[in-house]
Amino acid sequence: PCPFSRGYKIPVGQAWFLLKSFYAYRLILACLFLAIYYLRLGSLIIESAHEQLYLVSSFIYLLATLIGWSFILMRAANYAVQAQILVFTDIFLLTLIMHACGGISSGMGALMLVSTAAGGLLIGGRCAMLFAAIASLFVFAEQAYAFRVGDFKSTYYPYAGMLGAGFFTLAMLSHILTKRTEQTELISSQQQATIISLEELNQYIIQNMQSGIIISDQQKMITSYNEA
């Protein structure tokens, strides 16, 4: 699925299962965002000057998730396109929600760790590092914007750097995990092919023996025999 790593592969069934699981996670998260706002819990985390940004971003987050679900059900787009759009929109919208909640000090940026990890699992290859780089750039851009317009009393560039390092660490770990899974499945398929070849060789030897061979089961029923 990764356009920058043509050799990377993921089983079809596993790929769609992971994509649906991440969409389910996004649906729950979007509902929580809106519940925080409408249950009047937003005053604890949402900056009063950015309530509108928080509400609009949360609605777009929910809408994008529902549209993605419809694409899955209708198979309107291939897996790679859906997964890449999903991870990118997740990073972008979570950056807006993080800014509305007071920037990186709110802790909302930690949710993007899940996005970068999902990028490694859903797409893999070098795309995992690409999404980690995008997430890091978005975090630093949000901090630079907050400093420029003076939205918050202080900025937290060291925290942004630590969060960016976390993005790359998770992306690397998820990439290693998917590569090991791929290698395990490759070894398993090779072993299965070897077993099939040995069975065919065994049948060939039995059929071409000069001595007659009859094989029966425990009920003394004949299961196989050779031509001799």
Side-chain angles (χ1 to χ4, degrees), residues 19-73 77 81-122 130-171:
L19 188 62
K20 291 176 181 178
S21 299
F22 192 56
Y23 268 118
Y25 158 79
R26 278 187 53 157
L27 182 61
I28 294 172
L29 193 60
C31 292
L32 286 176
F33 286 151
L34 293 173
I36 288 172
Y37 182 85
Y38 285 108
L39 293 176
R40 302 302 178 184
L41 301 174
S43 58
L44 301 175
I45 59 173
I46 304 172
E47 293 288 325
S48 57
H50 300 299
E51 287 188 358
Q52 192 67 22
L53 174 62
Y54 178 90
L55 182 60
V56 171
S57 300
S58 299
F59 267 118
I60 294 175
Y61 195 78
L62 177 61
L63 181 62
T65 303
L66 295 176
I67 292 174
W69 265 115
S70 65
F71 280 173
I72 287 180
L73 296 176
V81 172
Q82 289 195 54
Q84 290 165 21
I85 293 175
L86 171 67
V87 177
F88 179 78
T89 56
D90 203 65
I91 293 171
F92 176 72
L93 292 172
L94 286 177
T95 302
L96 296 179
I97 293 173
M98 178 184 71
H99 182 76
C101 292
I104 197 171
S105 61
S106 66
M108 284 292 183
L111 293 173
M112 285 191 282
L113 290 169
V114 180
S115 305
T116 53
L121 294 174
L122 293 172
L130 173 63
F131 284 119
I134 292 173
S136 300
L137 287 174
F138 276 26
V139 169
F140 279 104
E142 187 275 334
Q143 287 291 287
Y145 174 80
F147 176 77
R148 177 75 176 176
V149 301
D151 273 350
F152 312 126
K153 295 180 180 179
S154 60
T155 52
Y156 300 86
Y157 285 107
Y159 292 167
M162 293 173 62
L163 189 59
F167 293 153
F168 280 100
T169 302
L170 269 181

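Here, residue 1 is the first one in the sequence, and each next residue gets the next number.
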Check: Phe33 main-chain N/O paired with Tyr54 side-chain donor or acceptor under 3.5 Å: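 Here the side-chain-to-backbone pair exists.
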
List the atom of [X], the atom of [Y], and the distance in Å for their closest heavy-atom pair.
X      : Y      : value
Ser57  : Ile97  : CB-CG1, 3.7 Å
Ser58  : Leu34  : CB-CD2, 3.6 Å
Ile104 : Glu142 : N-OE1, 4.2 Å
Trp69  : Ala24  : CZ2-N, 4.0 Å
Leu113 : Thr116 : O-OG1, 2.9 Å
Ser115 : Ile91  : CB-CG1, 3.8 Å

Listing request: all side-chain hydrogen bond (donor to acceptor under 3.5 Å, both in side chains) pairs with a residue in residues 25-35, at least two apart in sequence or in separate chains.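 Sorted pair list: Arg26-Thr65, Arg26-Thr89.
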
Qualifying residues under ring-ring contact (aromatic ring centres under 6.0 Å, His included), relative to Phe131, sequence neighbours excluded: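 Partners of Phe131 under the ring-ring contact (aromatic ring centres under 6.0 Å, His included) test: none.
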
Hey, does Phe22 have a side-chain heavy atom less than 4.5 Å from the side chain of Val114?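 In short, these two side chains touch, coming nearer than 4.5 Å.
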
Determine whether Phe138 and Leu94 make a side-chain contact, defined as any pair of heavy atoms from C-beta on separated by less than 4.5 Å.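 A side-chain contact is absent here, since even the closest heavy-atom pair is not under 4.5 Å.
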
Would you give the length of the straight line joining atom [atom1] of [X] to atom [atom2] of [Y], rounded to the nearest 0.5 angstrom?
X      : Y     : atom1 : atom2 : result
Leu86  : Asp90 : CG    : CG    : 6.0 Å
Lys20  : Leu73 : NZ    : CG    : 7.5 Å
His50  : Met98 : NE2   : CE    : 11.5 Å
Met112 : Leu93 : CE    : CG    : 11.0 Å
Leu62  : Leu66 : CG    : CG    : 4.5 Å
Ile60  : Leu55 : CD1   : CG    : 10.0 Å

More than 12 heavy atoms from other groups under 6.0 Å of CZ on Phe168: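 Yes, CZ of Phe168 has more than 12 neighbouring heavy atoms, counting only those of other groups under 6.0 Å.
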
